[in-house]
Amino acid sequence: MVRIGAHVDQDDPLAHATARKAEVVQFFLGDPQGWKGPVIPASADVLRASEVDVYVHAPYVINVATANNRIRIPSRKLLASQLEAAASIGAKGLIVHGGHVGKDDDPEVGFDNWRKVFERLETPIPVLIENTAGGGNAMARKLERVARLWEALDGFDVGFCLDTCHAHAGGEELVDVVERVKAITGRIDLVHCNDSRDAFDSGADRHANLGNGQIDPELILGVCRAAGAPIVVETPGDGQAADIAFLRDHL
């Protein structure tokens with residue numbers, strides 16, 4: 001059976017997992033919008049010993065693709081420290097967004113910068129690159145860009161996290177997205193199972209509880225079934241328990 005859980009607050013992940021009947025938890029190690037180093041939760045020892053699977057989401061500010069040295073170099077350092085910290089608490093993977101280059105920059109610069117990351121990075125646990133919803137010069141919004149990124153990362157053990165809201169808002173049809181992703185990456189390590197508040201190809205990263213947004217729930221279920229990977233809902237907290245129950249009832 002596929003394991004299902006939620007993105008929760010980092011204060012007490014296991015308590016949040018129990019409240020949601022979650023088998024998987026994902027959380028941040030510190031401020032998702034800041035550049036400070038990771039903060040190890042007080043419950044780290046209990047987390048490592050628990051039967052709940054742990055994933056860590058890297059801060060949103062990380063953009064290792066950019067040509068801007070003032071962002072790229074701190075991004076690399078923060079990614080490395082987040083990876084080490086996530087490994088120390090027994091996480092199964094570190095999720096990081098694909099990032100973007102400037103609107104006038106050649107996307108190849110971004111793909112090359114990603115390759116340089118993996119040439120220098122120690123990876124005690126998998127790095128899972130996540131597709132993103134918006135950005136005209138994003139590395140991982142459109143699957144043709146993901147394909148070029150994976151060509152640049154050939155030879156490295158890189159994982160993929162598929163977000164249903166991001167795919168929908170990014171203009172990728174969900175009906176066959178799993179097959180198209182696997183044809184590029186060979187794998188899907190984690191599904192971020194989210195409905196979308198906004199329309200197809202809107203570019204807006206706004207999550208909704210399952211059935212409360214603009215994605216047909218059957219399409220979301222189809223992605224989850226086809227991916228065969230652990231599932232994390234990143235939906236509004238009040239409805240996460242119901243989202244998890246819905247998935248368990250229908251998968």
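Note that these values count all heavy atoms, side chains included, but never hydrogens, waters or copies made by symmetry. Please read all numbers here as calculations on a predicted model, not as lab measurements. If you read the sequence from its start, that first residue is 1, and numbering goes on from there.
- A distance of 6.5 Å separates NE2 in H100 from OG1 in T66, rounded to the nearest 0.5 Å.
- Heavy atoms of other residues, nucleotides or ligands lying less than 6.0 angstrom from CG of D238 number 12 at most.
- Checked against salt bridge (charged side-chain N to carboxylate O under 4.0 Å, His left out), R48 has the following partners two or more places apart in sequence or in another chain: D45.
- Evaluation of the salt bridge (Lys or Arg N to Asp or Glu O under 4.0 Å) test over residues 19-30, restricted to residues two or more places apart or in two chains, returns E23-R248.
- Without hydrogens or angle criteria, N137 side chain to D105 main chain gives a donor-acceptor distance under 3.5 Å.
- Judged as a salt bridge (Lys or Arg N to Asp or Glu O under 4.0 Å), not a single pair has a partner in residues 70-91 (not counting sequence neighbours).
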Check residues 215-230 and write down every donor-acceptor pair under 3.5 Å in which the side-chain atom is one partner and the other belongs to a residue at least two apart or another chain.
unit_1: D216; atom_1: OD1; unit_2: E218; atom_2: N; d: 2.9
unit_1: R225; atom_1: NH2; unit_2: H250; atom_2: O; d: 2.8

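- At a threshold of 4.5 Å between non-hydrogen side-chain atoms, the residues V101 and M139 count as touching.
- Taking S88 as the reference, I40 meet the side-chain contact (heavy atoms from CB on, under 4.5 Å) condition, with sequence neighbours excluded.
- H168 places a side-chain N or O within 3.5 Å of a backbone atom of F200 that can act as its donor or acceptor partner.
- Residue V24 shares its hydrophobic cluster (ILVMFWY side chains chained together at separations under 4.5 Å) with Y55, I95, L128, L190, V232.
- The shortest non-hydrogen separation linking A167 to L174 is CB-CD2, 3.6 Å.
- Counting only distance, with no hydrogens or angles, the side chain of R115 and the backbone of D154 share a donor-acceptor pair below 3.5 Å.
- Between S75 and W35, some side-chain heavy-atom pair lies under the 4.5 Å cut-off.
- Shortest non-hydrogen contact noted between P59 and L78 is CG-CD2, 4.0 Å.
- With rounding to the nearest 0.5 angstrom, the CZ atom of R206 is 5.0 Å from the CG atom of D198.
- Taking the salt bridge (charged side-chain N to carboxylate O under 4.0 Å, His left out) definition, one finds that D205 meets it with nothing, sequence neighbours left out.
- The line from CD1 of I129 to CG of L94 is 10.5 Å long, rounded to the nearest 0.5 Å.
- Checked against H57 for a side chain to side chain donor-acceptor pair (under 3.5 Å), the options Q82, Q10, H7, E130 give a single hit: E130.
- At a threshold of 4.5 Å between non-hydrogen side-chain atoms, the residues L210 and C193 count as touching.
- In the hydrophobic cluster analysis, where Ile, Leu, Val, Met, Phe, Trp and Tyr join through side-chain heavy atoms closer than 4.5 angstrom, V175 is grouped together with I188.
- By the neighbour-count criterion of 12 heavy atoms within 6.0 Å, atom CD of E144 is densely surrounded, having more than that number from other residues, nucleotides or ligands.
- With sequence neighbours excluded, no residue satisfies salt bridge (charged side-chain N to carboxylate O under 4.0 Å, His left out) with E51.
- Residue E234 holds its CD atom at 9.0 Å from SG of C165, rounded to the nearest 0.5 Å.
- When all heavy atoms of V109 and A67 are compared, the closest pair comes out as CG1-CB, 4.0 Å.
- Closest approach of N69 to P74, counting heavy atoms only: O-CD, 3.5 Å.
- Remark: the backbone N or O of G98 is paired with a side-chain donor or acceptor of W114 at under 3.5 angstrom.
- No chain of hydrophobic side-chain contacts below 4.5 Å, direct or via other Ile, Leu, Val, Met, Phe, Trp or Tyr residues, connects L79 to F28.
- The CD1 atom of I4 sits 12.0 Å away from atom CG of D53, with the distance rounded to the nearest 0.5 Å.
- No donor-acceptor pair under 3.5 Å is formed between the side chain of N194 and the backbone N or O of V233.
- By the 4.5 Å heavy-atom criterion applied to side chains, F160 and K182 are not counted as neighbours.
- Between I89 and F27 there is a side-chain heavy-atom pair separated by less than 4.5 Å.
- Under the salt bridge (Lys or Arg N to Asp or Glu O under 4.0 Å) criterion, the residue pairs touching residues 163-174 are E172-R180, with sequence neighbours excluded.
- Looking only at side-chain heavy atoms (C-beta outward), V127 and L121 come within less than 4.5 Å of each other.
- Side chain of N131 to main chain of R141: no donor-acceptor pair is present (N/O by atom type, distance under 3.5 Å, no hydrogens or angles).
- Applying the side-chain contact (heavy atoms from CB on, under 4.5 Å) test to V46 and every residue at least two apart in sequence or in another chain returns L14.
- Relative orientation of the H166 and H207 rings is tilted, given thresholds of 30° and 60° on the angle between their planes.
- Cluster partners of V39: none. The rule joins Ile, Leu, Val, Met, Phe, Trp and Tyr whenever side-chain heavy atoms lie under 4.5 Å apart, and it links nothing here.
- As a member of the Ile/Leu/Val/Met/Phe/Trp/Tyr network built from side-chain separations under 4.5 Å, M1 groups with nothing else and remains a singleton.
- In this structure the side chain of V177 never reaches within 4.5 angstrom of the side chain of T164, judged on heavy atoms.
- Ring geometry for F156 against F118 counts as tilted: the plane angle lies between 30° and 60°, on a 0 to 90° scale.
- Contact detail for Q240 and V8: the closest heavy-atom pair is OE1-CG1, 4.4 Å.
- No option in L247, V191, I231 other than I231 meets the side chain to side chain contact (heavy atoms under 4.5 Å, CB included) test with V2.
- Side-chain atoms of T123 and D157, non-hydrogen and from C-beta on, never get closer than 4.5 Å to each other.
- Taking CZ of F246 as the reference point, atom CG of N209 lies at 11.5 Å (rounded to 0.5 Å).
- Among all heavy-atom pairs drawn from P13 and D11, the shortest one is CD-C, 3.9 Å.
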